[in-house]
A.B. asks: 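Below are the structure tokens for one structure; questions will follow.
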Amino acid sequence: RKEVEQDPGPFNVPEGATVAFNCTYSNSASQSFFWYRQDCRKEPKLLMSVYSSGNEDGRFTAQLNRASQYISLLIRDSKLSDSATYLCVVTGGEGGSYIPTFGRGTSLIVHP
Amino acid sequence: DTEVTQTPKHLVMGMTNKKSLKCEQHMGHRAMYWYKQKAKKPPELMFVYSYEKLSINESVPSRFSPECPNSSLLNLHLHALQPEDSALYLCASSQDSHRIGTENTEAFFGQGTRLTVV
């Protein structure tokens with residue numbers, strides 16, 4: 001079983017739509033959670049950290065559910081420029097390792 | 001400054017060549033990573049350096065040889081590569097690879113070196 005699982009999509013949505021991605025992780029000792037965005041042929045860039053209390057940054061909301069071991073990313077009012085792959089990243093575990101572990105990524109396509 | 005700089009951006013090399021990829025960060029991070037990413041796949045961890053010492057080698061073939069000359073620099077020496085080694089090679093850094101607490105544990109990535117082995 002993969003440590004971090006995501007639905008690869010693609011999610012194909014019209015501009016203005018609300019879209020949500022989930023990610024599950026298997027290591028209950030995981031401590032830090034992030035969403036990264038990766039554009040085609042570019043490096044991953046940190047989109048937001050995910051806290052137990054949830055956090056919001058403009059149109060983006062991230063939530064963590066430790067009991068069910070999943071994190072989510074909600075994008076409201078989708079823009080064409082949101083088209084990218086969204087990578088769920090989890091760190092922390094045995095021995096306090098903070099080496100990033102990636103999900104396979106979820107592809108989002110926003111169309112006019 | 002949250003920048004990780006990688007050079008070169010693109011590299012084409014023959015199977016008998018020797019080349020090196022370079023990575024630099026000035027954020028005071030003590031953990032640095034090499035990842036390999038193939039098209040439509042997530043980054044795969046290759047090596048982890050913690051406080052300038054190699055702490056993890058994910059069973060990477062010896063034709064890839066990492067080096068950490070100081071806390072700001074990370075190199076990846078390449079020799080006798082195969083065409084299947086063609087990929088995007090990403091360097092990343094974070095404050096630490098082992099740390100108590102959950103603040104500032106995110107990793108920052110360089111733009112990558114797109115490597116083609118011919």
Side-chain angles (χ1 to χ4, degrees), chain A residues 2-10 21 23 25 27 29-53 55 57 62 64 66 71 84-109, chain B residues 2-6 9-10 21 23 25 27 29-51 54-58 86-116:
Chain A
K2 274 188 70 69
E3 289 187 49
V4 181
E5 300 218 40
Q6 291 181 253
D7 180 347
F21 310 136
C23 163
Y25 60 95
N27 188 342
S30 298
Q31 297 190 29
S32 299
F33 309 89
F34 308 94
W35 284 102
Y36 282 74
R37 171 194 168 127
Q38 186 170 26
D39 292 288
C40 187
R41 300 177 70 81
K42 302 279 184 136
E43 80 277 21
K45 291 190 176 174
L46 180 66
L47 179 65
M48 54 197 312
S49 305
V50 189
Y51 306 120
S52 296
S53 54
N55 50 309
D57 182 2
L64 166 64
R66 283 191 185 273
I71 69 173
T85 297
Y86 291 83
L87 294 157
C88 172
V89 178
V90 173
T91 71
E94 300 299 325
S97 167
Y98 282 100
I99 298 164
T101 300
F102 286 83
R104 63 187 297 187
T106 297
S107 175
L108 171 65
I109 301 169
Chain B
T2 56
E3 194 169 290
V4 177
T5 304
Q6 285 188 246
K9 288 190 169 47
H10 300 275
L21 310 185
C23 175
Q25 56 87 17
M27 294 178 276
H29 288 173
R30 303 317 298 265
M32 295 185 78
Y33 314 88
W34 280 115
Y35 285 84
K36 172 182 177 179
Q37 188 176 27
K38 302 281 272 185
K40 300 190 187 299
K41 300 281 189 185
E44 292 180 5
L45 185 67
M46 299 175 72
F47 302 104
V48 179
Y49 271 82
S50 179
Y51 290 83
L54 181 65
S55 63
I56 291 180
N57 175 342
E58 289 285 312
S86 299
L88 179 68
Y89 288 84
L90 293 162
C91 173
S93 70
S94 64
Q95 278 211 357
D96 206 334
S97 61
H98 288 72
R99 180 183 171 90
I100 296 172
T102 58
E103 292 185 3
N104 301 321
T105 57
E106 64 268 34
F108 294 91
F109 285 80
Q111 290 184 312
T113 294
R114 190 158 297 282
L115 174 68
T116 304

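Residue numbers start from 1 in every chain, and the chains themselves are labelled A, B, ... in the order their sequence lines are given, proteins ahead of strands.
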A.B. asks: Centroid-to-centroid, B:Tyr33 to A:Phe102, below 6.0 Å?
C.D. replies: no

A.B. asks: Report which part of A:Gln6 has an atom under 4.5 Å of a heavy atom belonging to chain B: side chain, backbone, both, or neither.
C.D. replies: neither

A.B. asks: Would you compute the distance between atom CD1 of A:Ile99 and atom CG of B:Leu45 and round it to the nearest 0.5 angstrom?
C.D. replies: 6.0 Å

A.B. asks: I need the residue from B:Ala92, B:Gly110, B:Pro43, B:Gly112 with the largest number of non-hydrogen atom pairs under 4.5 Å to chain A.
C.D. replies: B:Pro43

A.B. asks: Which atoms form the tightest heavy-atom contact between B:Ala107 and A:Pro100, and what is the distance?
C.D. replies: CB-CG, 3.7 Å

A.B. asks: If we ignore angles and hydrogens, is there a donor and acceptor under 3.5 Å between the side chains of A:Glu43 and B:Gln6?
C.D. replies: no

A.B. asks: Taking atom NZ of B:Lys38 as the centre, does the number of heavy atoms from other residues, nucleotides or ligands within less than 6.0 Å exceed 12?
C.D. replies: yes

A.B. asks: Please round to the nearest 0.5 Å and tell me the distance separating atom CD of B:Glu106 and atom OG1 of A:Thr91.
C.D. replies: 9.5 Å

A.B. asks: Indicate the atoms forming the closest heavy-atom contact of A:Gln38 with B:Leu88, along with that distance.
C.D. replies: NE2-CD2, 4.4 Å

A.B. asks: For residues A:Pro44 and B:Leu90, determine if any side-chain heavy atom of one lies less than 4.5 Å from a side-chain heavy atom of the other.
C.D. replies: yes

A.B. asks: With a 4.5 angstrom heavy-atom cut-off, could you sort out which part of A:Tyr36 is near chain B: side chain, backbone, both or neither?
C.D. replies: side chain

